[in-house]
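One-based numbering, in listed order, for ligands and for the atoms of each.
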Amino acid sequence: MINVTKTYLPDKEKYKKYVDQIYASGWVTNRGPLVKELEQRLAEYLGVKNIVLVANGTVALEIAYRTLDIKDYVITTPFSFVATTSSLVTNGLKPVFADINPNTLNIDPQNIKNSITKNTSAIVPVHVFGNGCEVEEIEKIVKENELKLIYDAAHAFDVKYKGQSILNYGDISTLSFHATKLFHTIEGGALIINDESLVEKARYLINFGIENQESIPELGTNAKMNEFEAAMGLALLDDMAMVGDKRHAVYDRYKQALKGEVKFQQQNKDASVNYSYFPIILENKKQMERVQEALNHFDIHPRRYFYPSLNTLSYIEPKQNMPVSEDISKRILSLPIYPELTIKEQSKIISVIQEAL
Ligand SMILES: Cc1ncc(COP(=O)(O)O)c(C=O)c1O
């Protein structure tokens with residue numbers, strides 16, 4: 001069976017060395033030494049100042065909204081994983097969708113502008129499949145309208161914009177370190193907080209709002225990463241260059257073989273590519289289903305990332321029409337991409353797709 005992704009596991013002995021440290025200290029959670037070490041190493045690796053590790057990418061978004069005191073209406077993209085929208089709704093916020101650019105698949109800045117009202121408090125764009133948003137234009141809109149800006153950067157690990165980490169844009173960027181992601185800690189996530197003065201608040205929020213034994217200044221939750229998860233991240237971090245190279249090779253082979261036959265996501269020219277996904281856009285739903293069925297027949301399982309368009313979720317009231325996102329979501333497939341995918345397996349995937357087209 002070939003799935004859309006396969007979790008990369010680092011060398012077992014290397015992981016065990018970190019686990020031995022946990023056994024020796026007996027410290028398994030509550031911001032232990034490995035979480036602190038991973039925060040420091042990731043900050044250096046990614047080129048960011050303040051990083052707070054958390055239990056997953058969904059709570060990273062929720063903590064970001066609460067750190068910035070986001071209220072009422074939030075403009076976001078309809079084309080993303082469900083957590084981008086559900087995290088808003090579960091925090092009592094109201095998503096207002098702004099449709100995407102059909103080529104980049106990212107939220108269209110012009111549509112953001114058109115959606116702003118006096119009740120808008122924040123914008124939550126997504127760097128979809130790691131493709132950098134139009135960050136300078138979005139920043140301008142945010143400044144002109146005095147809004148907060150949170151990037152859901154779940155897919156954008158190590159993406160650079162004009163040579164600097166794209167995670168440094170916005171008030172906060174959030175990452176997911178789920179096992180399916182480019183870099184993972186089994187389950188996990190992070191907040192990149194650009195205003196240093198908010199870091200302490202975020203740290204209280206992920207630990208029940210507690211400052212110390214005498215003081216609980218915030219209404220918090222439990223969103224902490226544990227030491228075993230941090231150990232996985234530390235063991236994996238050294239392998240990221242190799243993981244990137246292997247994914248790059250898979251990415252290039254798809255691009256070469258399928259050029260002219262299917263549509264690709266248009267990449268931001270000023271941003272680097274992290275090779276985390278390989279989406280193809282088919283002509284219509286029928287063609288997408290034909291390709292999907294043909295691949296499934298050989299036990300190959302691409303994913304319909306992202307479907308359905310989030311504006312159509314049952315709990316979104318009143319209904320909002322997003323024609324571009326709805327159209328794309330019906331005819332997009334993410335193809336298998338991971339370091340261990342062999343040339344032989346990939347050749348099979350490509351030939352099945354070509355045949356089905
Ligand atoms: C765009 C996006 N946002 C948020 C999340 C949620 O992250 P997690 O699964 O770590 O909670 C995901 C996860 O796949 C995602 O793709």
Can you tell me which residue pairs pass the salt bridge (Lys or Arg N to Asp or Glu O under 4.0 Å) test with a partner in residues 24-41, sequence neighbours excluded?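 Qualifying pairs: R31-E39, E39-R203, R41-D238.
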Give the other cluster members for I216, using side-chain heavy-atom distances under 4.5 Å between Ile, Leu, Val, Met, Phe, Trp and Tyr residues; answer none if it is isolated.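 In the cluster with I216 are F208, I210.
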How about CD on Q164, more than 12 heavy atoms from neighbouring residues, nucleotides or ligands closer than 6.0 Å, or not?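 Not buried by this count: 12 neighbours or fewer within 6.0 Å.
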Residues E136, K162: salt bridge by 4.0 Å N-O rule: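 Here E136 pairs with K162 in a salt bridge, since their nearest N and O are under 4.0 Å apart.
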All N/O donor-acceptor pairs, side-chain side in residues 186-198, below 3.5 Å, sequence neighbours left out:
| residue | atom | partner | partner atom | Å |
| --- | --- | --- | --- | --- |
| N194 | ND2 | N168 | O | 3.0 |
| N194 | ND2 | G170 | O | 2.7 |
| D195 | OD1 | S197 | N | 2.9 |
| D195 | OD1 | S197 | OG | 2.7 |
| D195 | OD2 | S197 | OG | 3.3 |

Contact table ligand 1 N or O to protein N or O, d under 3.5 Å:
| residue | atom | partner | partner atom | Å |
| --- | --- | --- | --- | --- |
| ligand 1 | 3 (N) | D152 | OD1 | 3.3 |
| ligand 1 | 3 (N) | D152 | OD2 | 2.7 |
| ligand 1 | 7 (O) | S176 | OG | 3.4 |
| ligand 1 | 10 (O) | G57 | N | 2.8 |
| ligand 1 | 10 (O) | S176 | OG | 2.7 |
| ligand 1 | 11 (O) | G57 | N | 3.3 |
| ligand 1 | 11 (O) | T58 | N | 3.0 |
| ligand 1 | 11 (O) | T58 | OG1 | 2.6 |
| ligand 1 | 14 (O) | K181 | NZ | 2.6 |
| ligand 1 | 16 (O) | H155 | NE2 | 2.8 |

Heavy-atom closest contact (L175 atom, A156 atom, distance):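 Minimum heavy-atom separation between L175 and A156: CD2-C, 4.3 Å.
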